Each structure stands twice: as structure tokens, then as C-alpha cells.
Amino acid sequence: MSEQKFLWWKKAVIYQIYPRSFRDSTGNGIGDLPGVLEKLPYLDEVLGVDALWLSPFYPSPMKDFGYDVADYRGVDPLFGTLDDFDRLLEESHRRDIRMIIDLVPNHSSDQHRWFQESRSSRDNPKRDWYIWADPQPDGSPPNNWLSVFGGPAWEWDENTGQYYLHSFLKEQPDLNWRNPEVKEAMFDIVRFWLDRGVDGFRIDVAHYILKDPEMRDNPQNPRPMSSIHKPLGEYDSQMHLYDKGHPDVHEIYRELRVLLDSYGSNQPRVSIGEIHIFDWEEWSRYYGENLDELHMPYNFSLLGASWSADEFRRLVGELEAHLPDGSWPNYVLGTHDDHRLASRYGRGQARVAAMMLLTLRGTPTIYYGEEIGMEDIHLPPEMELDPAHAQKRDANRSPMQWTAGEQAGFSPPGGQDPWLPIHKNYRQVNVASEKEDPASMLSLYRSLLAVRKEFPVLQNGSYEALTDSPKNCFCYFRKTSRQTLLVALNFSREPRMLPDAVKSKDILLSTRLDRKGPADGPLTLRPLEGLILDL
Ligand code: NOJ
């Protein structure tokens with residue numbers, strides 16, 4: 001079954017909200033769903049995004065800030081109520097904004113009643129809902145698997161004399177997807193949210209849910225570097241052949257797809273998998289042989305790129321070359337797990353990156369705050385909250401900067417201190433000030449979103465790299481039979497002249513927001529300038 005139609009999620013610009021950090025409506029220092037509702041006019045009328053992805057808001061002990069779910073069908077009181085969720089969904093839909101929510105199928109919280117039952121005795125009916133195994137004869141863990149967050153992936157349970165598997169924190173036990181009851185329970189949860197009207201799911205570590213049934217040891221990793229886009233410490237010492245990504249996983253996603261498709265064509269739903277696989281062939285398998293699995297595995301390839309036009313061109317070319325026929329690409333430059341764009345590359349570079357993200361062929365996801373150029377905060381070790389210490393993810397989860405006023409407008413006046421410090425640049429870097437500044441990062445994002453809407457070729461046109469791009473520039477065409485645009489991105493700190501062949505043109509947008517309109521003769525890109533040209 002091939003996807004011929006140009007469905008909403010192909011046109012959409014997705015905006016990721018980390019609810020804890022977006023807007024605190026109660027003054028307890030933690031963002032919440034009514035806070036998101038309050039800011040819908042901004043997302044809709046100021047920025048103009050098409051879909052929201054909400055990171056988890058479910059009841060949770062918050063050991064991993066919500067990625068440890070204790071009840072998949074509710075809202076944590078910190079974030080509001082189910083009614084708040086329904087209101088947010090209704091109002092988003094009224095504004096024609098779709099809502100994607102996070103599904104966390106690989107693991108629950110250890111406080112979930114399923115796990116409480118599972119660990120209560122070896123013969124509890126839910127024992128097999130999690131992955132339990134006997135110790136080795138010397139009492140050590142069943143195999144050498146490691147947790148992404150450090151240490152062994154096995155935790156000893158004194159009460160029942162077995163180990164349980166946790167690919168992340170010990171408070172996040174892995175569910176046993178080989179047990180059909182687990183799959184049914186999770187699919188019921190999917191139905192619960194689809195029935196409420198959500199438009200789709202971002203599936204947390206989608207490739208982790210099935211492991212080697214024989215639970216073989218992972219081999220050592222002969223290469224010192226990480227298998228993903230950032231170093232994970234001890235975890236990188238192994239090749240993760242057996243602790244995730246077992247091919248049986250594809251059958252599960254085919255079934256999930258049938259379930260999503262059964263919700264009919266009136267409101268097509270989307271599945272986007274968080275899949276950190278950097279072997280293109282293996283990654284692309286998650287679309288399904290007949291495009292019958294996930295609508296999109298998230299493409300994280302750009303997140304690890306250094307600031308080099310050649311590197312970005314190569315990665316985009318590789319993606320384009322490996323996409324199965326009829327499948328749809330996507331791009332990500334920031335998430336709640338990765339350092340801020342402006343901190344990774346610099347503020348000027350972040351503007352060029354924004355133009356790239358929003359003009360490549362495929363669905364872009366913007367991480368909240370990137371549109372105003374938020375930067376990482378730096379926390380002294382004693383203030384760090386992220387359980388994944390090595391990854392320092394607090395840095396990129398600081399509260400959204402709305403105004404130059406008290407607490408950057410994140411909390412109502414007089415509210416408690418926010419859960420993470422606000423970046424000290426908030427007096428300049430905030431929505432209210434940037435809205436008034438025609439050259440701000442926010443103005444750039446708004447313009448990019450507006451140009452995408454005005455020129456559908458940016459949504460549905462083909463991608464073709466310009467072969468003779470000037471040095472350290474990444475230039476590409478977006479083409480339909482009716483229109484050709486050229487996006488020209490100067491990654492260097494020197495001016496660069498575009499080839500003569502690119503002659504008569506109209507500047508639609510400059511990352512500096514200071515030139516527009518017809519430009520004849522040779523055209524020069526200023527240092528770190530990006531242009532969208534109508535040829
Ligand atoms: C991936 C999520 O993006 C990350 O934030 C989380 O810590 C792990 N999965 C575990 O759920």
C-alpha cells in the first residue's frame with residue numbers, strides 16, 4: 001500500500017513542547033497543559049506551526065521527567081487534568097493545529113501497577129509483562145547488557161530472586177513485548193488516545209521494544225565512537241546487537257499501522273518513531289517493506305553534524321538516496337535530549353540552520369525555544385537534575401523565555417522559582433522583544449514558516465543539490481513542474497559568490513531579513529547568510 005496522497009503530516013511543521021518547560025499557569029515553577037493552552041495563539045498566529053508534539057504529561061514519579069510513565073491513560077496533576085488535555089486538544093483542532101503525543105512503549109515506571117504486580121511474586125499473572133531472568137551461577141546479571149544511562153541494564157530483585165531488565169533507569173523496567181497481553185494492553189492505550197482525538201504518536205525509542213530472545217551478550221565495540229550522534233560513555237563500549245532492534249519489531253509496527261489506519265481517512269493519524277539508528281538501510285526498514293510500518297522514523301542524522309556545508313550536503317544526499325520509494329523524509333535539529341542549536345554552532349549559524357531545516361524536502365520538527373534562539377544553560381553539578389548525567393540534558397530544557405519581565409514570563413508574577421534556572425540572556429532573548437524586532441530570530445522563523453506556506457514547492461517539490469556550490473556553501477533546488485527555488489546557505493564566515501548560472505532571480509528571503517526582491521547579475525552571499533531565491 002503506497003502513500004500517494006500528500007497528507008497533513010507531510011506538509012506540517014511540527015513544534016515539540018516539553019510541557020514542564022513551556023508555560024507555568026499555576027505558579028509552582030513547572031509548566032503545564034493549561035500553560036500550553038494559553039500559548040496557542042502564539043503558536044498559531046505568531047509562529048504559524050501546524051502540529052504540536054507534546055512530550056509526556058502522564059502521571060509519573062518523574063525520575064526521567066515523565067518518560068517513566070505510571071499510568072498511560074492520565075495526566076500528572078503537575079501538568080493538569082484529563083479535562084485540561086481535552087480542552088487543549090479541542091482548541092488546537094479549532095485552530096487547525098494537530099496534536100501528536102508521546103507514547104512510551106519500551107518501559108513503564110517501576111511505580112506502574114503492572115510492574116508492582118509483576119514484581120510481587122514469580123507466579124503473578126503479570127510476572128511475564130516485564131523481562132525477568134535468573135542470575136548467572138555466580139550471582140551476576142544474566143548477561144552483559146548495559147543501561148543507556150550508565151551501569152548494567154539489570155537490577156536485582158531480592159524479593160523474587162531474579163533480575164529485571166531496564167534499558168534506561170532502574171526505575172524504568174522494560175516491558176516484555178513478546179507477551180501478547182502487553183501488546184494488547186499498549187494497543188488499548190493507543191485506542192484510548194485516538195478515541196479522544198489525537199492525531200498521532202511520537203514513539204519513544206521505538207526500536208528498543210524487542211530484544212534477542214536468547215539474550216546473548218553484546219560484543220565489544222571495536223570503534224571508540226558512539227553508535228549514535230553523541231557519546232554515551234560506557235554504553236558505547238559495546239555493539240548493541242542483541243539488546244534492541246530485533247527484526248521481530250517490524251511485525252509490531254505493521255500491526256500498529258493497521259490500528260492507526262483503522263481510524264479512517266477523515267482524520268489520518270501519524271506514527272513517528274524515535275529511532276537512533278545510523279545505518280541507513282536498517283533505519284529505513286522502519287518505514288516497512290510496503291510502507292506499512294511507521295509513517296516516519298525520526299531522522300537524527302543532522303544532530304551530530306559538525307558545522308560544515310559538505311557534511312550536511314552529504315547527510316541529506318544519503319538520506320535522499322536511502323528513502324524507500326514513496327516514503328517521506330523528515331529533519332530534526334533539536335530535541336529535549338540535545339544541546340541547543342545556538343550553543344552547538346553559534347547564533348549566526350543557528351539562523352542558517354533554521355533556513356535549512358525549514359526548506360529541505362521533508363517534515364521539519366522545531367524544538368520549543370529554538371525559534372527565539374534559546375541557548376543552553378550551564379548548571380553547577382550540584383544543581384543538575386537529569387538522571388542521564390553524562391548527557392547534561394538540563395542544559396537544553398530551561399524554561400521558555402516569553403518576556404523580559406519577572407521569570408521571563410514563564411510563571412505568573414510571584415510564582416515559585418522555575419524547576420530549572422532561566423537563561424540569563426532572557427532580557428534580550430524572549431518572545432515579546434523578538435516579536436517587535438524585524439531582524440530577530442523569531443522574525444526569521446515566522447518568515448520561513450510564511451514562505452513555506454506561500455510557496456508549496458517547499459513542501460512538495462523535489463530536492464536536488466547544486467553540484468557547483470561555492471566553497472563551504474550548501475545550495476539546493478526545490479522544484480516542481482511549475483516552480484524552481486534555490487536555497488543557498490553560506491556556512492562560511494567569508495562572502496561567497498553564487499555561480500553565474502544562477503542569474504536572474506528574486507530574493508524571497510535572507511536569513512538577515514534585510515533584502516528581498518529582484519537581484520540581477522552575480523549574487524554574493526554574505527558571511528553566514530542564507531537566501532531563498534525564486535529562479
Ligand atoms: C528517549 C527520550 O527522548 C529520552 O528523553 C528518555 O530519557 C529516554 N527515551 C527514555 O525514555
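Each ligand, and each atom within it, is numbered from 1 in the order the structure gives. Not measured: the values here are computed from a predicted model. Nothing fancy with the numbering, it's 1 onward along the sequence.
- For ligand 1 and Arg397, the ligand atoms under 4.0 Å from any heavy atom of the residue are 5 (O).
- Looking only at heavy atoms of the protein, atom 2 (C) of ligand 1 is closest to Asp204 OD1, 3.1 Å.
- Across Arg397, Lys230, Lys392, a single residue satisfies salt bridge (charged side-chain N to carboxylate O under 4.0 Å, His left out) together with Asp337, and that is Arg397.
- No donor-acceptor contact under 3.5 angstrom links the side chains of Trp307 and Gln349, judged on distance only.
- The ligand atoms of ligand 1 that sit less than 4.0 angstrom from a heavy atom of Arg393 are 4 (C), 5 (O), 6 (C), 7 (O).
- Within the 4.0 Å heavy-atom criterion, the part of Phe149 lying near ligand 1 is the side chain and not the backbone.
- Between Glu91 and Arg95 a salt bridge is recorded (basic side-chain N to carboxylate O distance below 4.0 Å).
- Side chain of Trp177 to main chain of Pro105: a donor-acceptor pair is present (N/O by atom type, distance under 3.5 Å, no hydrogens or angles).
- Below 4.0 Å from some heavy atom of His107 lie the following atoms of ligand 1, by number and element: 10 (C), 11 (O).
- Atoms of ligand 1 found under 4.0 Å from any heavy atom of Arg202 (numbered from 1 in listed order, with element): 2 (C), 3 (O).
- Near Asp337, meaning under 4.0 Å from one of its heavy atoms, ligand 1 places the atoms 1 (C), 2 (C), 3 (O), 4 (C), 5 (O).
- Counting only distance, with no hydrogens or angles, the side chain of Trp132 and the backbone of Arg127 share a donor-acceptor pair below 3.5 Å.
- Closest heavy-atom contact between Ala408 and Ile422: CB-CG2, 3.8 Å.
- In terms of protein heavy-atom proximity, atom 6 (C) of ligand 1 is nearest to Asp64 OD2, 3.3 Å.
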